[in-house]
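Written out below as structure tokens is the structure these notes cover.
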Amino acid sequence: MATTDKTRTPLEIARSYFEAVADGDTEAMIAHWDPDGGGYIHGMVDVTVPDTYRGWFADLFKAFPDWRFEVLDIVADDERAAVRWRATGTFDGSVRFEGMEPNGARVESEGVDVLTIRDGKVVSIYAYTNAAEMARQLGALPPTGSAQEKAMLGALNLKARLTKRLRRH
């Protein structure tokens, strides 16, 4: 007997949802969602289902055609699941990502998504990853400890000092 979404546990739904993510199947991902759901990838994007959700993830999979996604751990209770994951890919696809042109950069990222699941459907996902590190890997920020990073921090600190002086006068 096939189970319905309402009889599956949050653990089973989270596992199934992230199998769709690993397959790059946006339609299967959306099928897990409540129609009024929303996702929040902190530091990157907020998406609503299905409006901006479908487009953002479709572009992600097109921008990184060798995208590989794996679940490292899942912890769940009656209404929530926390999923620790790892993703890798090469930014050499056919579309821009976050406004950047594909440049062949290799990305490795880990994160945690916290899902709220009610009546067998995902209501919200709060995703946490190091967006600054991803930006470094894509070349949008300078490498840690590099001369470029030191120059950028120097300019930022100079601006802070000048702003303080201007406030005093």
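Numbers for residues simply follow the sequence, beginning at 1. Since the structure is predicted, the reported quantities are computational estimates derived from the model, not experimental observations.
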Test log, rule side-chain contact (heavy atoms from CB on, under 4.5 Å), inputs Tyr17 and Met29: CA-CA 6 Å; Tyr17 172 79; Met29 292 164 65; 3.7 Å; yes
Test log, rule side-chain contact (heavy atoms from CB on, under 4.5 Å), inputs Arg106 and Asp66: CA-CA 10 Å; Arg106 183 87 179 134; Asp66 65 345; 3.2 Å; yes
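Rounding to the nearest 0.5 angstrom, the gap separating the OG atom in Ser16 from the CG atom in Leu11 is 11.0 Å. Taking OG of Ser124 as the reference point, atom CG of Asp36 lies at 12.5 Å (rounded to 0.5 Å). Note: Glu70 CD to Thr88 OG1 = 7.5 Å, rounded to the nearest 0.5 Å. Distance check: Glu149 CD to Met152 CE gives 6.0 Å after rounding to the nearest 0.5 Å. In this structure, OG1 on Thr52 lies 11.5 Å from CG on Asp59, to the nearest 0.5 angstrom. Considering CG of Asp23 and CZ of Phe18, their distance stands at 13.0 Å, rounded to 0.5 Å.
Within the 4.5 Å cutoff, side-chain heavy atoms of Leu138 are placed close to those of Phe97. Contact of the Asp34 side chain with the Arg118 side chain is not registered, since no non-hydrogen atoms from C-beta on lie closer than 4.5 Å. Considering only heavy atoms from C-beta on, Trp56 comes within 4.5 Å of Glu98 through its side chain. For the pair Asp77 and Pro10, the minimum side-chain heavy-atom distance is 4.5 Å or more. At least one side-chain heavy atom of Ile30 sits less than 4.5 Å from a side-chain heavy atom of Arg54. A heavy-atom distance below 4.5 Å is found between the side chains of Ser109 and Trp85. Between Leu162 and Lys159, the closest side-chain pair of non-hydrogen atoms is not below 4.5 Å. Using a 4.5 Å heavy-atom cutoff, the side chains of Val21 and Phe57 are not in contact.
No side-chain donor-acceptor contact under 3.5 Å links Arg96 to the backbone of Glu101. Under a 3.5 Å cut-off, the side chain of Thr129 and the backbone N or O of Glu110 do form a donor-acceptor pair.
If you chain together hydrophobic residues whose side chains sit under 4.5 Å apart, Val45 and Met100 fall into the same group. Residues Phe69 and Tyr126 do not share a hydrophobic cluster, defined by chaining ILVMFWY side chains whose heavy atoms lie under 4.5 Å apart. Linking ILVMFWY residues whenever their side-chain heavy atoms come closer than 4.5 Å, directly or via other members, leaves Tyr128 and Leu60 in distinct clusters. Taken together through direct or relayed side-chain contacts under 4.5 Å among Ile, Leu, Val, Met, Phe, Trp and Tyr, Val71 and Val122 form part of one hydrophobic cluster. By the criterion of side-chain heavy atoms lying less than 4.5 angstrom apart, applied directly or through intervening Ile, Leu, Val, Met, Phe, Trp or Tyr residues, Phe61 is grouped together with Met134 in one hydrophobic cluster.
Residue Met44 comes nearest to Ala131 through the heavy atom pair CG-CB, 3.8 Å, listed as atom of the first residue, atom of the second, then distance. Leu115 and Val83 get closest at one heavy-atom pair: CD1-CG2, 4.0 Å. Closest approach of Ala31 to Lys121, counting heavy atoms only: O-NZ, 2.6 Å. The shortest heavy-atom contact between Pro50 and Pro35 is CD-O, 4.5 Å. Considering all non-hydrogen atoms of both residues, Val95 and Phe91 come closest at O-CE1, 3.9 Å. In plain terms, the two heavy atoms of Ala87 and Trp67 that are nearest each other are CB-CZ2, 3.4 Å.
By the neighbour-count criterion of 12 heavy atoms within 6.0 Å, atom CG of Asn157 is densely surrounded, having more than that number from other residues, nucleotides or ligands.
Under the 4.0 Å criterion applied to side-chain N and carboxylate O atoms, Arg86 and Glu108 are not assigned as salt-bridge partners.
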